[in-house]
Amino acid sequence: MSSVFYRSPNHTYPRGARGEGVYLYDDQGKQYLDGSGGAAVTCLGHGHPDVIAAIKAQVEELAYAHTAFFTNEPQELLAARLAERFGEAGARVYFLSGGSEANETAIKLARQYWLARGKDSKHIVISREQSYHGNTLGALSLSGNPMRREIYAPCLHDWPRIAPCYAYRHQQDDETDDEYGQRAAQALEDAILEHGADNISAFIAETVVGATLGAVPPSGPYLKRIREICDRHDVLLILDEVMAGSGRSGTYFAFEQDEVVPDITTIAKGLGGGYQAIAATITREFVHDAIVERFNAFEHGHTYIGHATACAAGVAVLDVINRDDLLANVQHISDQLFGELKIAFGDHPNVGNIRGRGLFIGIELVEDRETKKPVDRAYSGRIKQAAMNTGLIIYPGGRTADGEQGAHILLAPPFIYDESHVDELVSKLQTVVKEVGLG
Ligand code: PLP
């Protein structure tokens, strides 16, 4: 009997033994093609020698020194790189260990900012249905994910949530992308007016919705309009790029493609590529400065913030992305993958929609393409198991259509894919879809 408290205690997990490039191997020697980076994490694949060397070198120099006593070189370097990438030299970066912590930090930053500005009643964060921002209670309060919330409902803030921007299900037939994007964004202004701008601290959204909806990007001018609404009502805009950021969408930040700049953004998974547990909350200078001027410090902190080894891994991952021009490869492989998926599944009777950005792609499954009737959500688990049997790691999800029914498959392969890996992924996916009885 194992002493591990497993995610699913009644499931028997293969034991992961080693990783090399885009493949994982279990202790029986079975090979798995990594088609989703686990949960959109392993952007450089497995066993990357440069990242491993950087981690080893850092551990030998200084593995960890508490940030109440010291700063450290990798933290300084990674913060400077991210601030530059964010496009504002004065932006500040707060390093954490995971996406939930990063979003908790974002909510607290927003709250303390408004206190610093003398707007004490601002405390509510508006979010969206069918979203996920983390499993800690604050982040879960923001998450419009009924399954993850249900048990903890009495422990959560019941803050307002607006409908997602989800064209496949919510755009009307006679509406253009532009019109739909405007209409979906208007829901935010309506919610702000209903609850009173004086009470609203921030709005948080995933730039591209990840695990809950399966890589749904915003429609047309949605985020630009959201930005305007936030500005008009003195509401901070937080974009959660824990999944969609760090290059996964083809630009380092996914929001670069929407021509907006959030006040706060969070990144995690691809920041350390799975080599270390690291996340970051990046804030614009005015938020930082207001807090420091009024309070001297941000009332927050964890033991592992600014962890030297984690930051060294983050620097190494960024170095490899830049040196090997991997964002260009993300775009190149994305075009090929979308193309092959359309050939393989474009006419499939159970594939309603293929969408996404960069190497962040969702395939929504339906019973009927005409009516868009969702499939049974149990397909999510069946597909995951069939994929594992076939030697493929993908990240399916259930309850896609409306928080109850439906299913999708999320693909988020490493940025180092070549064309042969795309062929292998699509061909294995066809086997999996057949095996679960679709088509
Ligand atoms: N935000 C988004 C968009 C996520 O996809 C996730 C995790 O999947 C989180 C936050 C929470 O991150 P973590 O699991 O690292 O706490």
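Quick caveat: nothing in here was measured; it's all calculated off a predicted structure. Ligands are counted one by one from 1 in listed order, and the atoms in each one are counted from 1 as well.
- Taking only nitrogen or oxygen atoms, main chain and side chain alike, Asp240 reaches within less than 3.5 Å of ligand 1.
- With respect to atom 5 (O) of ligand 1, the closest heavy atom belonging to the protein is Met243 CG, 3.3 Å.
- Close approach of ligand 1 to Gly98 is summarised as follows: ligand atoms under 4.0 Å from at least one heavy atom of the residue are 15 (O).
- Geometrically, Lys108 does not engage Phe298 in a cation-pi contact, judged by NZ or CZ lying under 6.0 Å from the ring centre and within 45° of the ring axis.
- Among protein heavy atoms, the minimum distance from atom 13 (P) of ligand 1 is reached at Gly99 N, 3.4 Å.
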Just do the side chain to side chain donor-acceptor pair (under 3.5 Å) check on Gln186 and Glu189 with the steps written out, would you?
CA-CA 5 Å; Gln186 186 55 38; Glu189 187 154 53; 3.3 Å; yes
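- The residues Arg355 and Glu364 are annotated as salt-bridged, a charged nitrogen and a carboxylate oxygen being separated by less than 4.0 angstrom.
- One option in Ala244, Ala268, Gly38, Ser100 has a heavy atom closer to atom 14 (O) of ligand 1 than any other, and that option is Ser100.
- Classification of Arg357 and Asp258 as a salt-bridged pair holds, one side-chain N sitting under 4.0 Å from a carboxylate O.
- For residues 125-162, every residue pair satisfying the ring-ring contact (aromatic ring centres under 6.0 Å, His included) rule, not counting sequence neighbours, is listed here: His157-Trp159.
- Look at Glu299 and Arg111 and you find no salt bridge, because none of the NZ, NE, NH1 or NH2 atoms lies under 4.0 Å from a carboxylate O.
- Those atoms of ligand 1 that come under 4.0 Å of a heavy atom in Asn103, given as number and element, are 1 (N), 10 (C).
- In this structure His332 satisfies the side-chain contact (heavy atoms from CB on, under 4.5 Å) test together with Asn329, Glu419, sequence neighbours excluded.
- Interface of Gly134 with ligand 1, defined as ligand atoms under 4.0 Å from a residue heavy atom, comprises 10 (C), 11 (C).
- For Lys269, the closest heavy-atom approach to ligand 1 falls below 4.0 Å.
- Ligand 1 places these atoms under 4.0 Å from at least one heavy atom of Glu206: 3 (C).
- Between Val242 and ligand 1, not a single N/O pair is under 3.5 Å apart.
- Here the heavy atom of the protein found nearest to atom 2 (C) of ligand 1 is Tyr132 O, 3.3 Å.
- The pair Lys342-Glu340 does not meet the salt-bridge criterion, since no charged nitrogen lies less than 4.0 angstrom from a carboxylate oxygen.
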